[in-house]
Undergrad: 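This is the structure I want to talk about, given as structure tokens.
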Amino acid sequence: MTSKARFAALAALIGVIHALAAAGVARAETAGAFPGLDPWPSSIALGGIPMGLGEGVEAVLQNPTGMVARTEAPGLAFSHASLFKGGFVRHQAAAGLWPRRPRQPVWTGGTVSHREGPVTSAFGLGFTNLSGDLPGDETYGEMTIAIAYARHIPLGLRSGGRLRWLQARSTVDGSGGAGYALDVGLEGTIAGMRVGGVARAIASEIRWDRSSDGPIPSAFDLAIERPILRGLKLYGGAILRADWSVRRVMAAAAWTIPGSPLTLLASPGWRQNDLEDGSDLSAGATIQVGAFEAAYGMRSGPEGLGEIHRFGLTVAFR
């Protein structure tokens, strides 16, 4: 299939995904909490772009299609973040990935043996927990449990979906809520670029103790990755509302130092949200040692609230 045909197919399918996200927002009467926090250091350091174009085990909580992109072995990932000045908000994430590699016959010297082939699909589990300290010794918490699945599909594309169960609780008047959200993602490679998108909460429902019921607001993440030089990749991305208005625009770069296990990450970004309109800066690094990868990411926060710092560890069972 030509690049033009693959691009047309990918654009059409991404349009369908965004339409589903728009339908989800059109149904909304109340807005829940559960913000789209970047769950991994690389997400923080690259300005949130990996949420639309994940890779490996971290994709379980990003764009689930990334679970079958450059994945060869099962893996586990953990991270912890201190959000804002004084660390009064904390966020943890964990994920596990199990790829499927069907065995294929191989002819060697006139005999047949069976070896594992390339990854065709993957299953993942994810967990996040947010806790915050409120004035007067009050507390607030959110928890997410996610189940994700991804596979290769025709036209050289990858698709994925994720179901999230959500719960929130506050000691303030015992308020809180629980519900679910469904996310759908798609990605492909066009003219040497990875292009991906994920619609978050295209279908959702949450029940609050002290308010009416309603869906969780949808969002659409779009991202592009382009290798430029040896070890250097450039990224572009955006988070869109269902009416196509822009909530955030990002650009980023990742440079793996030749002959070194170290990768440097950086991203300037522009945001428009409920906290503040303006620009921010993200940066971080990863270091690979055998099957382990340690990572750190930092993002400047809204004025007066301080920075976000996240640490993480990933292991691949090769």
Side-chain angles (χ1 to χ4, degrees), residues 35-64 66-67 69-71 75-85 87-97 124-132 142 144 146 148 194 196 198 200 221 223 225 231-237 239 248 250-257 260-269 271 280-302 305-316:
L37 295 174
D38 299 320
W40 311 113
S42 59
S43 299
I44 293 283
L46 293 175
I49 289 175
M51 296 301 289
L53 198 64
E55 184 175 321
V57 62
E58 295 183 349
V60 174
L61 296 174
Q62 298 171 334
N63 185 340
M67 294 194 301
R70 304 170 186 164
T71 299
L76 295 173
F78 308 90
S79 78
H80 171 81
S82 175
L83 283 66
F84 312 133
K85 188 182 300 181
F88 65 91
V89 179
R90 299 160 297 280
H91 188 246
Q92 297 85 31
L97 172 69
L125 292 174
F127 171 83
T128 68
N129 180 72
L130 181 146
S131 58
E142 296 179 2
T144 301
R194 282 184 69 202
V198 58
R200 290 184 276 129
D221 297 69
E225 173 194 278
L232 177 63
K233 297 178 182 178
L234 299 182
Y235 299 84
I239 301 176
R248 181 178 173 87
M250 304 87 79
W255 180 45
T256 301
I257 300 175
S260 164
L262 182 66
T263 299
L264 304 178
L265 315 167
S267 170
R271 62 177 176 273
D280 57 28
L281 177 65
S282 303
T286 68
I287 184 167
Q288 184 87 37
V289 181
F292 296 89
E293 180 181 272
Y296 166 75
M298 180 278 294
R299 176 186 296 166
S300 57
L305 290 181
E307 299 81 20
I308 298 174
H309 300 272
R310 185 177 285 277
F311 301 87
L313 179 66
T314 301
V315 57

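For clarity, every value in this text was computed on a predicted model and none was experimentally measured.
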Undergrad: With sequence neighbours left out, write down each residue that passes ring pair (Phe, Tyr, Trp, His ring centres under 6.0 Å) with F311, or none if nothing qualifies.
TA: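 So F311 forms a ring pair (Phe, Tyr, Trp, His ring centres under 6.0 Å) with Y296.
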
Undergrad: Can you tell me how far apart CD1 (I287) and CG (L264) are? Round to the nearest 0.5 Å.
TA: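 These two atoms lie 10.5 Å from each other.
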
Undergrad: Please determine which of S43, S42, S79 meets the side-chain hydrogen bond (donor to acceptor under 3.5 Å, both in side chains) test together with E58.
TA: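 With E58 as partner, S43, S42, S79 yield a single side-chain hydrogen bond (donor to acceptor under 3.5 Å, both in side chains), made by S42.
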
Undergrad: Say whether, by atom type as modelled, one donor and one acceptor occur between the side chain of S267 and the main chain of A251 under 3.5 angstrom.
TA: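 Yes, S267 side chain to A251 backbone: donor-acceptor pair under 3.5 Å.
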
Undergrad: For V60, give me all partners under side chain to side chain contact (heavy atoms under 4.5 Å, CB included), at least two apart in sequence or on another chain.
TA: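 For V60, the residues satisfying side chain to side chain contact (heavy atoms under 4.5 Å, CB included) (neighbours in sequence not counted) are M67, A95, A148.
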
Undergrad: Measure across A45 and G297 and return the closest heavy-atom pair with its distance rounded to 0.1 Å.
TA: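 Result for this residue pair: CB-CA, 4.3 Å.
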
Undergrad: Looking at every heavy atom in both A291 and Q288, which two are closest together, and how far apart are they?
TA: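 Residues A291 and Q288, closest heavy atoms: C-NE2, 4.0 Å.
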
Undergrad: Please round to the nearest 0.5 Å and tell me the distance separating atom CD1 of I49 and atom CG of D38.
TA: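 If we round to the nearest 0.5 Å, I49:CD1 and D38:CG are 10.5 Å apart.
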
Undergrad: What pair of heavy atoms forms the shortest contact from M250 to G48, and how long is it?
TA: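 It is CE-C, 3.8 Å.
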
Undergrad: Looking at every non-hydrogen atom in both residues, tell me the closest pair between T71 and G66 and how far apart they are.
TA: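 Taking T71 first and G66 second, the nearest heavy atoms are OG1-O, 3.8 Å.
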
Undergrad: Run the side chain to side chain contact (heavy atoms under 4.5 Å, CB included) check on L76 and V57 step by step: do they pass?
TA: CA-CA 6 Å; L76 295 173; V57 62; 5.6 Å; no

Undergrad: Applying side chain to side chain donor-acceptor pair (under 3.5 Å), can you list everything that pairs with Q92, at least two apart in sequence or on another chain?
TA: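 Checked Q92 against side chain to side chain donor-acceptor pair (under 3.5 Å); matches are H80, N129.
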
Undergrad: Could you pull out the closest heavy-atom pair between L53 and A223, with the gap in Å?
TA: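 Residues L53 and A223, closest heavy atoms: CB-CB, 3.7 Å.
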
Undergrad: Would you give the length of the straight line joining atom NE2 of H91 to atom OG of S82, rounded to the nearest 0.5 angstrom?
TA: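 Result: 12.5 Å between the selected atoms.
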
Undergrad: What heavy-atom pair brings E55 and A69 nearest, and what distance separates the two atoms?
TA: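 Minimum heavy-atom contact is CG-O, 3.6 Å.
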
Undergrad: Would you please name every residue forming a side chain to side chain donor-acceptor pair (under 3.5 Å) with T256, sequence neighbours left out?
TA: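 Partners of T256 by the side chain to side chain donor-acceptor pair (under 3.5 Å) criterion, ordered by chain and then number, come out as T263.
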
Undergrad: If you measure from CG on L265 to CH2 on W255, what distance do you get to the nearest 0.5 Å?
TA: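 Those atoms lie 12.5 Å apart.
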
Undergrad: Please round to the nearest 0.5 Å and tell me the distance separating atom CG of D221 and atom CG of N63.
TA: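 D221 atom CG to N63 atom CG measures 8.0 Å (nearest 0.5 Å).
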
Undergrad: Which residues pass the side chain to side chain donor-acceptor pair (under 3.5 Å) test with T128, sequence neighbours left out?
TA: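 Checked T128 against side chain to side chain donor-acceptor pair (under 3.5 Å); matches are T144.
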
Undergrad: For the atom pair OG1 (T286) and CD (E293), what is the distance rounded to the nearest 0.5 Å?
TA: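 The distance works out to 4.5 Å.
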
Undergrad: Which residues pass the side chain to side chain donor-acceptor pair (under 3.5 Å) test with E225, not counting sequence neighbours?
TA: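 Applying side chain to side chain donor-acceptor pair (under 3.5 Å) to E225 gives R70, Y235.
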
Undergrad: Do the side chain of S282 and the main chain of I44 share a donor and acceptor less than 3.5 angstrom apart?
TA: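 Present.
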
